[in-house]
2 protein chains.
Amino acid sequence: MEELFQGVRIRVNDKLFVKDPESSTLGKSIVEISIVMMGELGFEKFNFRKLGERIGSNESSIYRYFENKHKLLLYLTSWYWGWMEYQLVFATHNIAEPKEKLSKAIYMITREIKEDSNFSHINEVLLNNIVINEYSKSYLTKEVDEEDKEGFFASYKRLAKRLSDMIRVFDPKYKYPSSLASTILGGALHQHFLKNHFSSLTECNDKVTPTEYLTNLVFNVLNQNFND
Amino acid sequence: MEELFQGVRIRVNDKLFVKDPESSTLGKSIVEISIVMMGELGFEKFNFRKLGERIGSNESSIYRYFENKHKLLLYLTSWYWGWMEYQLVFATHNIAEPKEKLSKAIYMITREIKEDSNFSHINEVLLNNIVINEYSKSYLTKEVDEEDKEGFFASYKRLAKRLSDMIRVFDPKYKYPSSLASTILGGALHQHFLKNHFSSLTECNDKVTPTEYLTNLVFNVLNQNFND
DNA sequence: AATAAATGATAGTAATACTATTATATTAGC
DNA sequence: GCTAATATAATAGTATTACTATCATTTATT
């Protein structure tokens with residue numbers, strides 16, 4: 001799988017940056033190190049001054065790439081969901097059987113990312129943790145509707161659409177494919193968070209994965225005779 | 001129901017405040033108006049200076065009640081989950097039949113709060129919206145583990161426990177009662193948010209409620225013969 | 001009326017989230 | 001190899017936030 005990735009670039013809405021960070025060494029290191037630092041400090045304590053110090057660059061130079069840290073978070077998470085969509089499509093495209101296809105999709109979305117694919121300066125393992133801990137902060141804002149109109153959440157929505165389409169194919173009678181897709185996407189992040197911080201609120205742990213829990217959930221919900 | 005509430009007070013972990021806001025008029029108006037303003041401005045733009053101006057009081061006086069706005073958010077959401085637990089217990093205590101009991105519990109947790117119970121200075125309709133939009137910010141922090149040890153999330157955990165217990169009673173063989181309870185709690189907030197801001201990601205709307213979706217989900221998941 | 005407690009007014013600090021300006025380094029075209 | 005353009009760095013400055021400290025005044029208690 002790795003080799004094919006070499007030639008692929010994840011597209012991100014270009015309104016999310018002032019200057020494309022992929023277009024220069026500094027830009028790439030802003031993205032690379034912001035992922036490391038946001039993971040270490042959390043979104044609130046992370047800022048451009050600290051990032052500048054760490055990469056040996058000037059705060060003002062970072063502002064030439066990203067308007068502010070909110071936009072940077074949107075960029076990072078958009079990249080992540082775009083990457084996830086690619087992973088999903090790649091992993092499922094040759095599966096014809098609807099159940100197996102959906103099952104694989106759920107696995108791709110709910111698994112813990114454990115190895116960096118190394119095809120770019122972006123570490124997906126670290127980025128996965130940022131998504132778990134910070135993603136909801138990117139849309140739980142007063143600006144969400146405007147930003148949605150600008151297409152800032154497009155990659156997430158595309159992914160959700162693909163998943164709900166697979167649900168529809170598997171069980172055309174099920175009435176809530178979009179809601180279920182959202183529950184899988186949101187629920188996976190939430191279960192990963194709970195297993196790390198609120199273990200009493202979940203059965204998930206080292207042995208029982210969010211994948212296992214959510215796979216069981218989805219296939220018990222779907223294809224029932226009493227979808228009423 | 002209303003009348004009984006008159007004599008009840010929702011208890012909140014007293015480490016969440018410096019001085020009990022229930023103990024004075026100023027304290028109550030801090031809580032009351034912070035709910036209004038946090039709803040209007042969102043958590044990020046809300047601050048103690050603006051709150052002080054609005055209630056005609058001094059910023060420094062507010063700091064005598066709450067250390068900072070993060071603690072205030074924890075206070076408000078703890079109150080909400082404590083109130084929700086009370087509502088849940090009250091609404092289900094006389095139901096013996098496990099399915100009906102669980103069904104009622106799901107309704108209580110997932111419904112849209114539409115009327116203020118008027119038994120205090122706290123408007124539950126507005127507070128419900130704050131919980132939908134801001135709750136996750138209260139725990140998606142680097143301090144979550146310490147704060148959990150201090151018991152700041154106790155009321156949420158108690159509620160989750162009650163719900164998972166009802167799931168266990170209804171279907172003792174089901175392997176993920178805690179995870180499912182978390183999914184109901186988190187999923188309900190998420191579906192309400194989606195219906196307001198990302199309608200393409202959910203079937204929920206004015207006609208189809210999150211309650212309907214989640215009730216269907218839970219009873220399809222539970223009591224299956226193939227819980228494997 | 002005396003005392004304590006609560007609140008208000010004012011000022012000040014350190015950090016954040018930028019913006020603007022100018023200087024210097026790097027790169028690209030000729 | 002020189003020139004011009006572009007990118008980055010350095011410095012300074014502003015408005016706002018998130019407080020803390022101090023002292024004055026109001027309100028409640030005995």
Side-chain angles (χ1 to χ4, degrees), chain A residues 14-34 37-38 40-76 121 134 137-138 141-143 147 152, chain B residues 14-34 37-38 40-76 121 134 137-138 140-143 146-147 152:
Chain A
D14 61 15
K15 286 175 191 154
L16 289 177
F17 47 77
V18 183
K19 177 179 173 171
D20 187 356
E22 298 279 336
S23 72
S24 75
T25 315
L26 177 60
K28 281 177 211 151
S29 96
I30 288 171
V31 168
E32 181 182 355
I33 308 301
S34 69
M37 289 189 78
M38 219 182 265
E40 289 171 1
L41 302 173
F43 183 69
E44 285 72 25
K45 297 201 183 90
F46 167 85
N47 68 40
F48 283 1
R49 181 179 48 74
K50 290 172 187 169
L51 175 61
E53 275 166 28
R54 176 91 155 247
I55 63 182
S57 186
N58 201 274
E59 192 185 353
S60 62
S61 304
I62 297 165
Y63 280 102
R64 283 198 201 88
Y65 287 86
F66 294 100
E67 246 176 279
N68 51 50
K69 72 172 171 174
H70 171 66
K71 287 273 173 70
L72 173 56
L73 177 62
L74 285 169
Y75 177 90
L76 296 178
H121 51 292
E134 322 290 358
K137 297 172 192 170
S138 76
T141 69
K142 284 285 163 185
E143 296 78 27
E147 295 188 347
F152 293 177
Chain B
D14 60 16
K15 287 176 191 154
L16 290 176
F17 48 77
V18 183
K19 177 179 172 171
D20 188 355
E22 298 279 336
S23 71
S24 74
T25 315
L26 177 60
K28 279 177 212 153
S29 96
I30 287 171
V31 168
E32 181 182 354
I33 308 302
S34 70
M37 289 189 77
M38 219 182 265
E40 288 171 2
L41 302 174
F43 183 69
E44 285 72 25
K45 295 197 183 95
F46 167 84
N47 68 39
F48 284 1
R49 182 179 48 74
K50 291 172 187 168
L51 175 60
E53 275 166 28
R54 177 90 155 248
I55 62 181
S57 186
N58 201 273
E59 193 185 352
S60 62
S61 304
I62 297 165
Y63 279 102
R64 286 199 196 89
Y65 286 86
F66 294 100
E67 245 177 279
N68 50 50
K69 71 172 172 175
H70 170 67
K71 287 273 174 70
L72 172 57
L73 177 62
L74 286 168
Y75 177 90
L76 296 178
H121 51 292
E134 322 290 358
K137 297 172 193 170
S138 77
L140 292 176
T141 69
K142 285 285 164 187
E143 296 78 29
E146 295 160 42
E147 294 188 347
F152 292 178

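In what follows, chains are A, B, ... by sequence order, proteins preceding strands, each numbered from 1. Side-chain atoms are counted along with the backbone in the values below, which use heavy atoms only and exclude waters and symmetry mates. Note that the structure is predicted; figures quoted are calculated from it, not measured.
Between the side chain of A:Lys69 and the backbone N or O of A:Phe46, at least one donor-acceptor pair lies under 3.5 Å.
Listed by chain and residue number, B:Glu150 satisfy the salt bridge (charged side-chain N to carboxylate O under 4.0 Å, His left out) test with B:Lys15 (two or more places apart in sequence, or in another chain). Judged as a salt bridge (charged side-chain N to carboxylate O under 4.0 Å, His left out), and not counting sequence neighbours, the contacts of A:Glu134 are A:Lys137. The side-chain contact (heavy atoms from CB on, under 4.5 Å) check on B:Glu147 picks up B:His70, B:Leu74, B:Glu143, B:Phe152, B:Phe153, with sequence neighbours excluded.
Proximity of residues 21-30 of chain A to DNA chain D (heavy atom under 4.0 angstrom from any strand atom) is restricted to A:Ser24, A:Leu26.
A salt bridge is absent between B:Glu40 and B:Lys50; no separation between the charged side-chain nitrogens and carboxylate oxygens falls under 4.0 Å. Look at B:Glu67 and B:Lys71 and you find a salt bridge, because one of the NZ, NE, NH1 or NH2 atoms lies within 4.0 Å of a carboxylate O, short of that distance.
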Using a cut-off of 4.0 Å between protein heavy atoms and nucleotide atoms, how would you tag nucleotides 19-30 of chain D 5' to 3' with B, S and -? BBB---------

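Across all strands, A:Lys50 comes closer than 4.0 Å only to sugar-phosphate atoms, never to a base (heavy-atom distances). At the heavy-atom level, A:Phe66 lies nowhere under 4.0 Å from the strands shown.
Chain B approaches DNA chain C over the interval C:dA6 to C:dT10, counting the first and last nucleotide 5' to 3' with an atom under 4.0 Å from its heavy atoms.
At whole-Å resolution of the value, CZ in B:Arg49 and P in D:dA18 are 9 Å apart.
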